[in-house]
2 protein chains.
Amino acid sequence: MKNNKKANIRDVARETNMSITSVSRVLNGKADKYRIAKKSQDLIMEAAERLNYVPNFSAANLRSGKSKTIALTIPSLNNPFFAYLASEINLSLRKEGFVTILSDTFENNEDEKSILRNLLKRNVEGLILIPSGNDYEHILELQKSGLPIVCVDRYYEDLNLPYVTTNNFKGAFRATEYLIESGHENILCIQGVVKSEPNKERIRGYKEAMFQAGLKNIRVSGNDFSIQNGYLETKLAINSPKRPTAIFTLSNTIAMGSLKAILEEELSIPDDISLITYDDHPYLDFLITPLSCVEQPRADIANMTVKILMSMLSDSEFEVSQVKLDPNLKLRDSVKTLNGKQT
Amino acid sequence: MKNNKKANIRDVARETNMSITSVSRVLNGKADKYRIAKKSQDLIMEAAERLNYVPNFSAANLRSGKSKTIALTIPSLNNPFFAYLASEINLSLRKEGFVTILSDTFENNEDEKSILRNLLKRNVEGLILIPSGNDYEHILELQKSGLPIVCVDRYYEDLNLPYVTTNNFKGAFRATEYLIESGHENILCIQGVVKSEPNKERIRGYKEAMFQAGLKNIRVSGNDFSIQNGYLETKLAINSPKRPTAIFTLSNTIAMGSLKAILEEELSIPDDISLITYDDHPYLDFLITPLSCVEQPRADIANMTVKILMSMLSDSEFEVSQVKLDPNLKLRDSVKTLNGKQT
DNA sequence: TTAATTTGCGCAAACGCTTGCGCTTTAACA
DNA sequence: TGTTAAAGCGCAAGCGTTTGCGCAAATTAA
């Protein structure tokens, strides 16, 4: 290695007395397709190795139009649910030979827009999106331009975009049903971002379960997937004339806030009040009372997303698929069985 | 927009009767430097807008050698501490006009290697690395090739690489000191990956504090930053002939395991046993007993890292800087004051 | 009016790769 | 021996930018 300049494909060609063309073909695994002799292949491989040749992606990308890059935008890496999805999607894409450009939008719709505009320049081949708001003009435009897009968890109902999410209706229905079966009738549901699709579906599930049980006392409050929202709404509820016997929080962040309020009021779970939440998390096992929850099939969501995106990439006629995976009720100790009811 | 083919710089040039050169200069903010008339600038900007021109990064990158891309490898996105760092670094880089290619190595040294090899092809301009093991041959090689690298949190002591981390010695020292001031003498320290630099420093801090207090009863066990390790070691300690009065866990994952063991044994914190841990986390406030901890200056770590990397990029003579930021002792309610000691 | 300077801009050569097309050599067949 | 097919490979044209250099026109100075 006398020359410390990076080797390029030409160097390999010169070294082997082969053409650039053949080198390119061998290095891209197309040797057999173009009938390059086994001997030549070995020669080239060996030389590439020896020269420490690293292909220049920009050049390849410029020529071929393929960047092998997928953009992933996510509302907040600090939300463990999203972090898990990001991690799993990243891995899954890597296995397919793609690289992930990840951006954290901090739940900001405007930032999401400008981030996406910037990513576009980079010839990304596809976009995996956990939306950060209700504006979708920019997404629509991307879709029109032919960029394959898959939404995860959240999605836009008005848009004909592929998505994969949990069956939020079912999850909320089951959780509520479980509460009701345990004898609860006065159930408060603390919601997150009101207009987000998962939230709407969960509320629908809650209401349907209440309805089927003949319970008219629908109580929904809150407006954000935040600790603070959970805290405030729980404070309010505890001090309301008719204190709920059970609370159903629609995310584990809300549950955190709720828990804080309950502790402050010196109530205990589940003796004084029951709590169940959407989203699992390892920490839930270690709380004052381990919290029962609706567990989402996180790994499946991630893998399904990548699978759909790959289909879209290889087949432009791929028809939009919108997938809802079934959640799972994970019971721990935070729900009390009331007055003689059986579990 | 009759033509739905993507516009390129040539289209803009044609549209404005300017040369490609001028268009490029205007669009790259170098208009004034090259004295392009204000009128022409406006003309070009307007046309670019109208044609919906999006520059092709690969082409620019190929020509200029600048990819405006930084690789970030991280041992696990599921570790909230790392997720936070990733998120903050991502934001910080974005502000500097860079894009982050993030990869989760799942704490696997081998994967780290192959991931980095792949990223190299993409002309990344720099690497921010939270190492996933003790092998550093591959890193050394990258460094030799001239790639700017900054380590975060963990680092290789033998390598002359810039890093930014917490002053782990100080953090552990203070935590141990606090335990001792609270009257504890039998203190178990449950460590993580033995050979990792942060771990070694923390152990050194623990020992030094014990030493200065004249305490000879050094108890260090464990070998992994995992829940399981915390669980096992705590189980063992609780059932040992001389049960410690306090446990100092070296990460919040270890603390989780420790907590689980303590609960299982039906001991209470801090009445039966005290617990303090490295790393803060929002959830720590909501545990059965809010845990006192050594809080790392996460935001500062992230921003300092980016700052150093940027310096390296703009000034190749930049001398290696190795920064240790001071941690902060965050007291909650998990340490008991023993026999008449004052806090 | 002429010379010197400034203003405003463009030419054309890379950057390193992929790929459509086609050429030569060798083997197979009749 | 001539014809055909297969094997093995290379030419050269781009992909869309950036950038060193240089040149004409306009302005200013003398």
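By convention in this document, chain letters (A, B, ...) are assigned in the order of the sequence lines, proteins followed by strands, and residues within each chain are numbered from 1.
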Asks: How close or far is atom P of D:dG8 from atom CD1 of A:I44, stated in whole angstroms?
Replies: 13 Å
Asks: Send over the distance from B:R10 CZ to D:dT17 C1', rounded to a whole Å.
Replies: 10 Å
Asks: Residues of residues 19-33 of chain B with any non-hydrogen atom less than 4.0 angstrom from an atom of DNA chain C: list those, numerically ordered, please.
Replies: B:S19, B:T21, B:S22, B:R25
Asks: Of A:Y34 and A:N8, whose closest DNA chain C nucleotide lies nearer the 5' terminus?
Replies: A:N8
Asks: In whole angstrom, what separates A:I9's CD1 from D:dC11's P?
Replies: 13 Å
Asks: Whole-Å distance between C:dA13 P and B:R63 CZ?
Replies: 12 Å
Asks: Cut-off 3.5 Å, side chains only: do A:N61 and A:S67 have a donor facing an acceptor?
Replies: no
Asks: Could you tell me if B:S92 and B:N303 have a donor-acceptor pair between their side chains, going purely by distance under 3.5 Å?
Replies: yes
Asks: Can you sort out the partners of B:Q143 under side-chain hydrogen bond (donor to acceptor under 3.5 Å, both in side chains), two or more places apart, ordered by chain and number?
Replies: none
Asks: Quickly work out the B:Q41 CD to C:dG8 P distance and round it to whole Å.
Replies: 10 Å
Asks: Give the minimum heavy-atom separation between A:A83 and A:I74, together with the two atoms involved.
Replies: N-CD1, 4.4 Å
Asks: Let me know the distance between CG of A:D11 and P of C:dC15, rounded to the nearest Å.
Replies: 11 Å
Asks: I'd like to know whether CD of B:E141 has more than 12 heavy-atom contacts from other residues, nucleotides or ligands below 6.0 angstrom.
Replies: no
Asks: CD1 of A:I36 versus P of C:dT19: gap in Å, rounded?
Replies: 14 Å
Asks: Nearest to the A:R35 side chain among C:dC9, D:dG8, D:dT17, which nucleotide is it?
Replies: D:dG8
Asks: What nucleic acid atoms does B:S58 come within less than 4.0 Å of, heavy atoms only: base, sugar-phosphate, or nothing?
Replies: nothing
Asks: Check the distance between D:dC9's P and A:K38's NZ and give it to me in whole angstrom.
Replies: 12 Å
Asks: Out of curiosity, B:Y53 OH to B:M45 CE, how far, rounded to the nearest 0.5 Å?
Replies: 12.0 Å
Asks: Relative to the 5' end of DNA chain D, which residue comes earlier, B:N61 or A:S64, by the nucleotide with the nearest heavy atom?
Replies: A:S64
Asks: Distance check, rounded to the nearest 0.5 Å: A:L313 atom CG versus A:E125 atom CD?
Replies: 6.0 Å
